[in-house]
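Counting starts at 1 for both ligands and their atoms, following the listed order.
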Amino acid sequence: MTLEQAQKALPLKGYLDMPTPKSEELIQEINRLRKEKNAVILAHYYQTGDIQDIADFLGDSLQLARAAQNTEADMILFCGVHFMAEAAKILNPTKKVVLPDLLAGCSLADACSGEGLREFRAKHPGSVVVTYINCDAGTKAESDYIVTSSNAKQIISQIPEDEKIIFAPDKNLGTYLSKVTGREMILWDGVCIVHEAFSFERIAQQLMENPNAKLIAHPESEAAILDMAEFVGSTSALLSYVEKDEANTFIVATEEGILHEMRKRAPSKHLIPAFPEDETCACSECFYMKRNTMEKLYLALKYEQPEILMDEALRKQALIPIERMLEMSKNIK
Ligand code: 13P
Ligand code: SF4
């Protein structure tokens, strides 16, 4: 079943067309409902500013997975993309997990199926499979280790030197990790459509026009961009860097949603979104992340759908490499 078919099959059809309160009242109703239902709102840094502001917890993929695992709330309203909400359900199955829009997918998750990964592994016998958390439960279930952008380097350096490594599904992140860990890796050919679209030429031009600026980039970007960057890191690492570094101007090569929290944490710094290849654009938005809106968030809380549901055998299998990841990166904040 595609995500679209899944959405149509929801118990309350057409709930997305139900009326929603306007502006201030919308926020009041969300606050009332989350209290009434003992729900926690988790949000990723790529969500719109209004969603980030209303969240109980804002974080990167690793921090959000931990927050989902540890919450005592009855309902998790996950404002991020499908694989994140699914990871929350895998880690905390007794909670009701809802995602404002079931079509909030991810190009990386779409690039690699569990079946495809099983066949790929069979072509490279004796390899261990390290998979980026940006994948669905079926793909996780075929993996030995799950990693996020904030713990991947640390986890890979704990894998014995003589093990051959398959890395899926992000070839840009894999190329970067291979470089920083010195480990050879067999790479799956997937990309993040947002980070893949950054333009080397346009960013080089931005750097020339802003000689005091530092380029900072997420490791889902292509090698040429990362080589040009002063600092490479996960969303949370990019935020800390901007906050602590002495520079005043940064060119930021990641999804534009992060600028909202960056401006809050470092109000005196000048932040310039890195240019994508599309010359009509001055910033980079993830079309999937931006499917979630405050109205859909309200509807998800009110109608408690779309809910993330999963086969229990699959959940248990997918949990193994996620728990391994959490155990191997306990010291990372
Ligand atoms: P992190 O927040 O873990 O760096 O992940 C970035 C991302 O692309 C999420 O989709
Ligand atoms: Fe996926 Fe890229 Fe969007 Fe993150 S920014 S959800 S990796 S498509």
Can you list everything that forms a salt bridge (Lys or Arg N to Asp or Glu O under 4.0 Å) with Arg66? Sequence neighbours excluded, please. none
Heavy-atom nearest neighbour in the protein, as seen from [atom], with distance rounded to 0.1 Å:
atom                    : value
atom 8 (O) of ligand 1  : Glu220 OE2, 2.9 Å
atom 10 (O) of ligand 1 : Asn134 ND2, 3.6 Å
atom 6 (C) of ligand 1  : His218 NE2, 3.4 Å

Does [X] come within less than 4.0 Å of ligand 1, judged by its heavy atoms?
X      : answer
Glu255 : no
Tyr46  : yes
His195 : no

Does [X] come within less than 4.0 Å of [Y], counting only side-chain N to carboxylate O?
X      : Y      : result
Glu304 : Lys37  : yes
Arg118 : Glu142 : yes
Arg202 : Asp278 : no
Arg34  : Asp56  : yes
Asp144 : Arg121 : yes

Is there a donor-acceptor contact under 3.5 Å from the side chain of Thr139 to the main chain of Cys112? yes
What residue among Met84, Lys89, Met75 forms side chain to side chain contact (heavy atoms under 4.5 Å, CB included) with Val97? Lys89
Taking 4.0 Å as the limit for heavy-atom contacts, which would you say applies to Leu62 with ligand 1: side chain only, backbone only, both, or neither? neither
Any N/O of Ser149 closer than 3.5 Å to an N/O of ligand 1? yes
Are any of the N/O atoms on Ser61, whether in the backbone or the side chain, positioned under 3.5 angstrom from an N/O atom of ligand 1? yes
Those atoms of ligand 1 less than 4.0 Å from some heavy atom in [X]:
X      : value
Ser234 : 4 (O)
Met289 : 10 (O)
Met84  : 9 (C), 10 (O)

Work out which heavy atom in Thr148 is nearest to a heavy atom in Met325; give both atom names and the distance. CG2-SD, 3.9 Å
Any idea how Tyr46 and His195 line up, ring-wise: parallel (<30°), tilted (30 to 60°), or perpendicular (>60°)? tilted
Is the distance between the ring centroids of Trp188 and Phe120 under 6.0 Å? yes
One finds that the ligand 2 atoms under 4.0 Å from a non-hydrogen atom of Tyr46 are 5 (S)
Would you indicate whether the side-chain heavy atoms of Val40 and Glu72 approach each other to under 4.5 Å? no
Side chain to side chain donor-acceptor pair (under 3.5 Å), that's the test. Do Tyr132 and Glu220 meet it? Break it down for me. CA-CA 11 Å; Tyr132 192 27; Glu220 288 170 14; 2.4 Å; yes
Output, by chain and residue number, all protein N/O/S atoms separated from atom 2 (Fe) of ligand 2 by less than 2.8 Å. Cys192 SG
Judged on heavy-atom distance to atom 1 (P) of ligand 1, which of Leu108, Thr148, Thr235, Leu238 sits nearest? Thr235
